[in-house]
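The basis for the numbers below is simple: all heavy atoms, side chains too, and nothing from hydrogens, waters or symmetry mates. Predicted model only: the values in this text are computed from it and were never measured. So you know, we letter chains A, B, ... as the sequences are listed, proteins then strands, and number each from 1.
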2 protein chains.
Amino acid sequence: MPKEATIINNNRLIKLLKQNGLSITDSRKKILQLFLEQDGALSHGDIEKRAGEKFDRVTVYRTLQVFVDKGIVHTIPTADNSIRYALCKDECGEGHHHDHHIHFVCDTCNTTYCLDDVVTPEIKLPKGYSAGHVEVVVEGVCKNCQ
Amino acid sequence: MPKEATIINNNRLIKLLKQNGLSITDSRKKILQLFLEQDGALSHGDIEKRAGEKFDRVTVYRTLQVFVDKGIVHTIPTADNSIRYALCKDECGEGHHHDHHIHFVCDTCNTTYCLDDVVTPEIKLPKGYSAGHVEVVVEGVCKNCQ
DNA sequence: TAGAAAAAAGCAACATTGTTGCAAAAGATA
DNA sequence: TATCTTTTGCAACAATGTTGCTTTTTTCTA
Ligand SMILES: [Mn+2]
Ligand SMILES: [Mn+2]
Ligand SMILES: [Zn+2]
Ligand SMILES: [Zn+2]
């Protein structure tokens, strides 16, 4: 008999997937769970490792792509050429993300955080340029590594 | 007989390399030239293409690494998992970059610009986090694509 | 300016990461 | 449960990045 926490969690996963019009599959549940139980962001590699030997690499790629498309997770660019993914907490949906927070990468533990309370600043661009999305990534030392 | 412009350019390249304590080689001159005659930033792939069939892929990787180490070029993180490189115009040197400008990626032509006159904004972080470098990438439509 | 020493380039082999088409398996629907 | 639809796994492939070693080029000094 599974533990209470597991049941709740499983229901939450199913609800989230259904809300986004996705069919319920083991890989989607597992990967979504990884995001829910995680403070920071995850790279493709992290997910491959933590999802265990259970899923094919291709499935992870496709699942992440679906999650991004649906507005369930957003991507975070980093300097080391490895995209990180994190849960969207804002009202993102299919085809439009509205993540206006900044990101923080710890030099020490290498964790990537969404700083949901820090709003992206206004940037005054030179004449001729028009801004769409603004991405801010701060690198430094995080709360756990001071 | 080479043209005047070529000679000057060649001297400039040599000077720049010497200033940074690098020996003068064909690949370094060629790749540095690509940056000098380029408005936007270049990806590894761009450089491989434009440097022609003349150099080995490995040489391009190693040359870019040397340029970054020496503070001749800096890297720009992008959302599509392909690092761009651009000339440092600030006083960067071996082991320390001081690029405090923001970057702009055009949705239309996909060019990446260093906006040298737009200074990185101050970011107020939550308690416990200390900031090192701040990276701002704005995505939108550039001056040539309006 | 020739020759020795040092540095860089090229090459080959390999590792990692990402993509695509297709058949099998699993999920949704009625 | 049967049928239709979607997703997965697999295989093959492409692109990107890394490493060790040999050859070539550059630098340095006599
Ligand atoms: Mn985020
Ligand atoms: Mn720049
Ligand atoms: Zn940390
Ligand atoms: Zn443009």
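The ring pair (Phe, Tyr, Trp, His ring centres under 6.0 Å) test applied to B/F67 returns no partner, not counting sequence neighbours. Take B/E94 and apply the side chain to side chain contact (heavy atoms under 4.5 Å, CB included) test, not counting sequence neighbours, and it matches B/K70. A/K143 is linked by a salt bridge (charged side-chain N to carboxylate O under 4.0 Å, His left out) to A/D39, counting only residues two or more places apart in sequence or in another chain. For A/E135, the side-chain hydrogen bond (donor to acceptor under 3.5 Å, both in side chains) test picks out A/H103, A/H133, with sequence neighbours left out. B/F104 meets the ring pair (Phe, Tyr, Trp, His ring centres under 6.0 Å) test with A/Y129; sequence neighbours excluded. Partners of B/T78 by side-chain hydrogen bond (donor to acceptor under 3.5 Å, both in side chains), not counting sequence neighbours, listed by chain and number: B/D80.
B/R57 comes within contact range of at least one nucleobase, with a heavy-atom separation under 4.0 Å.
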For residues 121-128 of chain B, run the donor-acceptor check on the side chains, cut-off 3.5 Å, and write out each pair with its distance to 0.1 Å, sequence neighbours left out.
none

Please report, to 0.1 Å, the donor-acceptor pairs under 3.5 Å made by any side chain of residues 50-59 of chain B, with sequence neighbours excluded.
residue: B/R50; atom: NH1; partner: B/Q38; partner atom: OE1; Å: 2.8
residue: B/D56; atom: OD2; partner: B/V58; partner atom: N; Å: 2.9

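Rounding to whole angstrom units, NE2 of residue A/H44 and P of D/dT16 are separated by 17 Å. For the pair B/E48 CD and D/dT18 P, the computed distance is 13 Å after rounding to whole Å. Rounded to an integer number of Å, the gap from B/L64 CG to D/dT16 C1' is 13 Å. Whole-Å rounding puts the A/Y61 OH to D/dT16 P distance at 13 Å.
Interface limits on DNA chain C: the 5'-most and 3'-most nucleotides within less than 4.0 Å of chain A heavy atoms are C/dT17 to C/dA28.
With no hydrogens or angles considered, a side-chain donor-acceptor pair links A/S23 and A/R28 at under 3.5 Å. Looking only at atom types and distance, the side chain of B/T112 has a donor-acceptor partner in the side chain of B/R84 under 3.5 Å away.
No side-chain heavy atom of A/T120 sits less than 4.5 Å from a side-chain heavy atom of A/H101. Side-chain contact between A/E37 and A/Q33 is present, with at least one heavy-atom pair separated by less than 4.5 Å.
Only at 4.0 angstrom or more do the heavy atoms of residues 74-87 of chain A sit from any atom of DNA chain C, so none qualifies.
A ring-centre distance under 6.0 Å is found for A/H44 and A/Y61.
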Which nucleotides of nucleotides 19-30 of chain D have their base under 4.0 Å from a protein heavy atom (B), which only their sugar-phosphate (S), and which neither (-), written as one string 5' to 3'?
BB-----SS---
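At D/dT8, none of the side-chain N or O atoms of A/T59 fall inside 4.0 Å of OP1 or OP2 (strictly under the cut-off).
Note on the helix from C/dT1-D/dA30 to C/dA30-D/dT1: terminal axis deviation equals 40°, with five pairs used at each end and the result rounded to 10°.
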